[in-house]
Every structure is written in structure tokens, then in C-alpha cells.
Amino acid sequence: MTTEQVLALISLVLIVAGLLALRHQRPVWYWVAFGALAKLARISITYRSVMEACGLTEPPSRFRLTVAAATRRTPSRMVPRLTRVRITASGLVLRIKMQPGQEVHDFETATERLRHSWHAYAVHVSALSPGWLQVKVVGYDVLRKVVMPRAAEPKLLRVPVALRSDGAVHTRDFRTVAHELVMGATESGKSVYLRGLVAGLAPQPVALVGIDCKWGVELAPFASRLSALACTPEEAADLLDALVVEMTERYELIRTVQRLAPGSSPESITSDIWGLPDDMRPVPVVLFIDEVAELFLTASAADEKRRDQMVTQLVRVAQLGRAAGIYLEVCGQRFGAELGKGATALRAQLTGRISHRVNDETTAKMALGDISPVAVLAATNIGPEQRGMAVAGDSSGGWSLVRTPFIGLAEAVAVCDEHAHLTPGLPGLEAFRPIAAPDAFALVPDKD
């Protein structure tokens, strides 16, 4: 072997090694530079044969049969028409015109066959309009190392909190889904999800209220941005009473505005705070509840009385709070009917569902059983090493696998401290305003 051949071989080995390293360390760069074109070429060349192999073709029409008979040719089966291909940072988006007689379900049942045929990481199918569908071909595991797109900017009460398995951004939109239940075992990523929400809402003109019955260890670090905080069940009961009073006053304000003068336009009538004039609209309130099961536990008859009152107030806030601009984010390790009176009624009001890794199938069914059995199975398959992985669903039956980008506690606290001046003061909740600076504790001295 000549010197030139040896150098060429070494160069080739270095190039291959560099591409493999780039694919592992920077999958987005590798995909945009090399993977997308290779995948596009594979799909273009094998499209017809793959459609035929996956059973996604239809018999020829009568017109084609007539033309074939006149020309003595054998007509081929009709293949769905690929009209457009768009390259994204995570894969390819195919726009397909279905043939008469086909439906979206035909393609949904064939996603695994399409994935293997095109050597893709995943294939997702969704309907666009009658006769048209969209097929997302994911080129690599986008959830292995979550990188949120820079275009995912927060808006009022809309926070991009996770990345979906198809490469799209999962956004927590309180205006669309007012209340949400977040479940997960210890070390599953539930706290990181909560930090991301708090950090995303901190720069917004929103009042953040917390109930943390673990003596505030989860939410107290964000005290500089919290308008109210309750750290025990007793404090939580008083805070919920104050929130119900706040909600009642807001409904009184809406009713006052509805008493319009004769001749007022119908557009000026409103049934929630978002139809009020800007100078009259009260600030939205987001209530975070960590370890919700602690609110339901009792140890004596006095605790039962307090619990019943507190749960009743919480259910009232969940049922009536949306129009008053009060939203719930309820977190816990386990939540179901075994907690007692009011648990099922509260869960029914929590439209959004997030289930991280859980310890048993029953817990997953509590969160996702009324959404989809497949979603329950997906939640039970999340491993201990997949921190931040979760199944996101809602009562409409839709669900997706998502993963939250890691945000450290110090980073979230820094965001809250930076925007502490935006913390609104609510007169009815002023008694629960937390003290940002914690008291000093005696520390264990370092050992020599």
C-alpha cells in the first residue's frame, strides 16, 4: 500500500470518527449537515415501494382501468401523493394527499412499519384537513439530550416547559388548560418541571401563590417572587379561604361591569376577567400545590373538620377559578379516591395531566386512565434513569411523550430574584406574603 493510500485511509477513518462523534455529541448539527439529506434521498427512492409494502395503496380508479384496457397495460395501484417535504431540526415533515378510500387511521397503524422501512427513530401522523395528512419522520432521539428551540419564547400565561418526542415544544398554556395535575415518584423530575414553570412565569405580570406542606422546602426558595406561601396544612386552610374571598370579589367586579348602560355594544359584555378593561383587570393568579396528598391526611377529629373545609374550598377554586383568573398546578406522588372525600371531584377539574415515572400502574391510571390506556402503558415504561421524562395528556384523549430540560434550583431562584420587583401585592393575601430571607440555622461544624 502506497503512502498516498495510507493517508487517504487515515483521512477516511478520521472523517468517519468525526461524524460519529458529531452524531453523538451534537445530533442537531449532524442531522442538519448530513442526516437530513441522506434520509430525504432514502424516502424519495423508496417511497412507492414502502407505501405498497405497508398496505397504503388503493386499487386503480375506473378511468385508469379503462385507459389501461385500451392500451393493453396493467394499471398500477394508486399511491398517496407526496406533495411537500420540509426539513426541521429534528426530522422531516411530509405533506401527503391521501387517495380516495383512505383515512388517517390507516397511516397511524402503519407508523412502526414506516419507521423501520425508512430507518427513522420515530414516525408521527396527524390529520391536516380532509384528504390531507402530515407525517413527521424523526431522525434521532430528541429526548436523549433536550435542547429547547430558541423560538420557544414565553408569552402571558404560556410557558414552554418540555420537548415532545416528535421534536415539537410542549407549552403549558394556562389560558387554554386552566388546571393541571402533575404526578411523579421521588427523583422522577417533578420538581424540575415545577422549577421550569416558576422560572417561566417569574418575568410575567402574574401573581404566584404556593402551598407546600413539606414546610416550604420546595417553594420557599422562590419566596422573592411569591405573593403568598403556606407551609403547613393549617396555613393552607387559611390561604384557601382567602383565595375564595379573592375569587368572590373578582366575580363581583365582573358582575358590576356587566351592568351596562342601554345601547352598549355586545362586544363589551364579558364573563371573565379577560374581557375587562385593562385598567380594571385584576392580575392573574397561579396557585402551585406541592404534595397535594398532605392536604387530605388527618390524624384527629379536628383535622378532619379542617380537611373537609380546605378540600371544599380547593374544589371551589378549581371549579370557578378560571373565569376569575385563578389557575391551579397540583403536584403529588400519588393522588386518587383513597385520599378521601373531595379527591375525585378535584381530579375531575384538572384537565391537564403530566405523569412522570411512577411506582405502580395504579398511580399512572389515576392520572391517565381516563385519557388513554396506551398513555398509561407509556408512563409505566419510564425508567429510573430517565429523569424528566413524562407523559403529557389532557381530557380530550390526546397525549405525547415529553421531557423537561434540566434547570437547577440556583438558576430558578436567580430568575425569581431578578424579577422580584414584579411581585404583585394582593391585599387579601398580604398576611401570607413570605419573607425572602430565611432565618439563620445552627450548622454542623466541619470536621478536621
For residues 409-420, run the donor-acceptor check on the side chains, cut-off 3.5 Å, and write out each pair with its distance to 0.1 Å, sequence neighbours left out.
from	atom 1	to	atom 2	distance (Å)
D417	OD1	S224	OG	2.6
H419	ND1	V415	O	2.9

* N/O donor-acceptor pair under 3.5 Å between D212 side chain and L219 backbone -> yes
* Asked: Taking atom CZ of R86 as the centre, does the number of heavy atoms from other residues, nucleotides or ligands within less than 6.0 Å exceed 12?
  -> no
* Could I get the full list of salt bridge (charged side-chain N to carboxylate O under 4.0 Å, His left out) partners for R115, not counting sequence neighbours? => E112
* To do: Could you tell me whether a side-chain N or O of R281 sits under 3.5 Å from a main-chain N or O of L276, the two making a donor and an acceptor?
  => yes
* Side chain R113, main chain M51, donor-acceptor under 3.5 Å -> no
Under 3.5 Å, side-chain donor or acceptor atoms of residues 35-45 against the rest of the protein: list the pairs with distances, not counting sequence neighbours.
from	atom 1	to	atom 2	distance (Å)
K39	NZ	W118	O	3.1
K39	NZ	H119	O	2.5
R42	NH2	H119	ND1	3.4
S44	OG	L40	O	2.8

* **Working for side chain to side chain contact (heavy atoms under 4.5 Å, CB included), residues Q204 and V159** => CA-CA 10 Å; Q204 303 184 20; V159 181; 4.0 Å; yes
* Asked: Residues in salt bridge (charged side-chain N to carboxylate O under 4.0 Å, His left out) with E235, at least two apart?
  -> none
* Decide, yes or no, whether a salt bridge links R307 with E304 under the criterion of side-chain N to carboxylate O below 4.0 Å. => no
* Asked: Which pairs count as salt bridge (charged side-chain N to carboxylate O under 4.0 Å, His left out) when at least one residue sits in residues 194-204, sequence neighbours excluded?
  -> none
Sequence neighbours left out, cut at 3.5 Å: what donor-acceptor pairs do the side chains of residues 126-136 make with other protein atoms?
none

* To do: For atom NZ of K97, decide whether the heavy atoms of other residues, nucleotides or ligands shown that lie under 6.0 angstrom number more than 12.
  => yes
* Asked: On the ring face of F174, is R172 found with NZ or CZ under 6.0 Å from the centre and within 45° of the axis?
  -> yes
* Determine whether more than 12 heavy atoms belonging to other residues, nucleotides or ligands lie under 6.0 Å from atom NZ of K214. => yes
